[in-house]
Amino acid sequence: MKTAKLVLEGKEHELPVVVGSEGEVGIDIAKLRQATGAITLDDGYGNTGSCKSAITFIDGEKGILRYRGYDIDDLVRGGCRFSEVAYLLLYGELPNQRETEAWRYQLTHHSLLHEDMKKFFEGFPSSAHPMAILSAMVASLSTYYLEGENQEEVNIIRLLAKAKTIAAFSYKKSIGQPFVYPLNHLSYPANFLRMMFAVPTEPYEVNPIFEKALNQLLILHADHEQNCSASTVRMVGSSGANLFASIAAGVGALWGPLHGGANQAVIEMLEQIQADGGNTKKFVDMAKKKDSGFRLMGFGHRVYKNHDPRCRILKETVGKVLEQLGAKDPLLDIAKDLEQAALSDPYFIERKLYPNVDFYSGLIYRAMGIPTSMFTVMFALGRLPGWIAQWKEERTTAGARIHRPRQIYTGRTQRKFVPLAERP
Ligand code: CMC
């Protein structure tokens with residue numbers, strides 16, 4: 001067994017080394033404090049492995065992303081459906097024909113919401129952000145579907161099936177239109193698009209261009225190993241909290257503009273550049289100034305120090321979708337210009353900052369007519385199977401413990417209590 005040596009205050013300690021199936025090396029410090037009294041400190045967890053996981057592999061230097069060993073490119077270009085990818089993430093293998101049919105049957109036949117849950121939507125103001133509604137509704141599923149013997153699998157299916165219904169209802173609520181119920185014969189993306197855009201007064205046909213693009217988007221977002229929201233889901237799940245509570249917390253983590261909220265922020269930024277006259281260099285320069293408080297949204301990544309493979313595919317897709325629709329989006333030209341300006345700037349080159357998954361995804365949602373405020377919800381729908389797979393792995397790993405990091409305390413040392421009357 002490989003080991004690493006640590007010398008602390010002149011004393012040598014040997015630490016076991018763990019090697020992953022793709023050759024990733026980790027120094028196991030689980031017994032470090034017990035042996036030395038010291039802990040490790042890693043603000044933002046840039047160098048900390050929080051678990052062993054067999055779900056998703058990323059090589060950020062080479063720009064590789066694989067789900068259960070399958071390259072993301074192969075899954076997308078091989079014509080996989082999002083529901084198959086969800087199965088893959090959850091159960092480790094792609095489903096065969098029989099399993100696919102059974103799985104799709106389950107996913108469609110659990111997609112209705114309990115009728116009483118519709119009333120919850122009435123309580124939210126119409127200006128409510130759909131991520132807030134999604135988080136609240138996912139948490140409230142735990143009031144209808146309790147944990148219990150043999151309930152875990154069916155609750156997983158319920159959550160996957162109902163999330164798209166919740167998402168579409170939150171949009172309908174925001175524009176004051178009646179809810180549209182799911183239809184069992186439709187695919188996951190087609191069903192969602194119909195619930196979003198159909199109205200009872202006229203027939204609605206799902207545009208196959210949108211169905212295909214949305215399928216791709218959902219697959220590309222389906223998992224990304226120990227990112228902020230997945231780690232949140234695992235952290236909450238590690239306490240023994242139920243599936244719905246854990247996922248609701250993940251939705252909250254995803255909402256932030258440094259994480260999934262970036263897809264909304266990208267479009268807002270592109271609109272800002274457009275309104276300002278379209279000078280992308282001005283915004284690249286602003287992003288380089290730390291005191292400007294401005295960052296290029298959709299740029300940079302903690303793990304990718306090369307092209308994000310998801311972004312490469314999405315850039316192609318946005319071009320294709322617009323071409324097939326015979327449409328133009330001036331924001332796409334601004335985005336390409338901005339990408340070019342940033343990728344040729346030494347600041348971005350030196351720091352290895354490339355466009356990430358959020359840079360082009362919003363332009364595809366826009367082409368479909370999905371409003372900007374719903375973009376992060378779209379991310380959440382895609383990420384759901386990944387979150388659930390991570391939650392399940394956390395709960396089923398032998399010897400897994402509650403996640404409880406330590407800290408280095410930097411506050412005041414012990415001092416004498418002063419009664420109120422004596423305080424200056
Ligand atoms: N624009 C300008 N400068 C940047 C950017 C950016 N978008 N991203 C990173 N930098 C700089 C940063 O200021 C720092 O510079 P220096 O070394 O001089 O201090 C350096 O690059 C390293 O950045 P960091 O903040 O230490 O990197 P991080 O790994 O902590 O953060 C990030 C990663 C994604 C939060 C960050 O790149 C960022 O804020 N990007 C914009 C928001 C965004 O697009 N988020 C979506 C991420 S991908 C999908 C997802 O996770 O949801």
Side-chain angles (χ1 to χ4, degrees), residues 41-48 50 56 58 60-61 63 65 72 131 134 217-234 249-270 272-273 280-315 335 338-365 372 374-384 386-387 390:
L41 181 64
D42 182 18
D43 279 337
Y45 306 129
N47 295 286
T48 297
S50 59
T56 290
I58 303 176
E61 274 69 36
L65 169 60
I72 192 76
M131 282 298 271
L134 181 66
L217 277 156
L218 292 168
I219 292 177
L220 289 172
H221 286 85
D223 194 43
H224 215 235
E225 49 116 309
Q226 307 314 315
N227 56 83
C228 177
S229 54
S231 303
T232 301
V233 168
R234 287 186 85 122
V251 173
L254 186 75
W255 192 359
L258 298 186
H259 194 6
N263 58 11
Q264 174 173 347
V266 167
I267 294 294
E268 288 163 356
M269 173 186 74
L270 295 175
Q272 193 191 347
I273 298 174
T280 51
K281 181 157 183 319
K282 177 176 158 190
F283 284 81
V284 168
D285 288 342
M286 194 157 78
K288 295 183 326 191
K289 291 199 190 91
K290 306 277 180 216
D291 57 3
S292 69
F294 173 79
R295 277 189 167 197
L296 276 197
M297 298 316 283
F299 252 83
H301 199 276
R302 173 63 61 81
V303 181
Y304 292 118
K305 301 301 165 198
N306 199 330
H307 286 279
D308 180 333
R310 303 167 299 175
C311 176
R312 261 198 328 245
I313 301 174
L314 290 176
K315 186 177 178 184
L338 187 65
E339 180 186 5
Q340 189 52 39
L343 290 182
S344 49
D345 190 292
Y347 173 98
F348 287 85
I349 296 169
E350 278 156 27
R351 290 171 178 74
K352 299 192 168 105
L353 301 171
Y354 293 86
N356 58 49
V357 67
D358 295 315
F359 196 67
Y360 285 106
S361 61
L363 291 166
I364 311 175
Y365 297 135
T372 317
M374 281 290 289
F375 287 4
T376 313
V377 169
M378 303 306 297
F379 192 147
L381 288 184
R383 186 53 57 87
L384 196 53
W387 283 337
Q390 299 283 347

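Numbering starts at 1 and runs along the sequence shown. One-based numbering, in listed order, for ligands and for the atoms of each.
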Residues in side chain to side chain donor-acceptor pair (under 3.5 Å) with K290, at least two apart?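 Scan of K290 (side chain to side chain donor-acceptor pair (under 3.5 Å), adjacent residues dropped) gives Y347.
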
For T48, enumerate each residue passing the side chain to side chain donor-acceptor pair (under 3.5 Å) test, keeping only those at least two apart in sequence or located in another chain.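 Once residues adjacent in sequence are excluded, the partners of T48 under the side chain to side chain donor-acceptor pair (under 3.5 Å) criterion are D42.
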
For residues 293-301, run the donor-acceptor check on the side chains, cut-off 3.5 Å, and write out each pair with its distance to 0.1 Å, sequence neighbours left out.
residue : atom : partner : partner atom : Å
H301    : ND1  : V303    : N            : 2.9
H301    : ND1  : Y304    : N            : 3.3

Between Q390 and D223, do the side chains contain an N or O donor and an N or O acceptor separated by less than 3.5 Å?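 Yes, a side-chain donor-acceptor pair sits under 3.5 Å.
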
Residues V266, Y360; criterion side-chain contact (heavy atoms from CB on, under 4.5 Å); working and verdict: CA-CA 8 Å; V266 167; Y360 285 106; over 6 Å; no

Is it true that D285 and K282 have a side-chain N and a carboxylate O under 4.0 angstrom from each other?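 No, no charged N to carboxylate O under 4.0 Å.
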
Near ligand 1, at a heavy-atom separation below 4.0 Å: residues by chain and residue number: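 Around ligand 1, where the cutoff is 4.0 Å for heavy atoms, the contacting residues are P257, L258, H259, G260, A262, A287, K290, R295, L296, M297, G298, F299, G300, H301, R302, Y347, R351, L353, N356, V357, D358, F379.
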
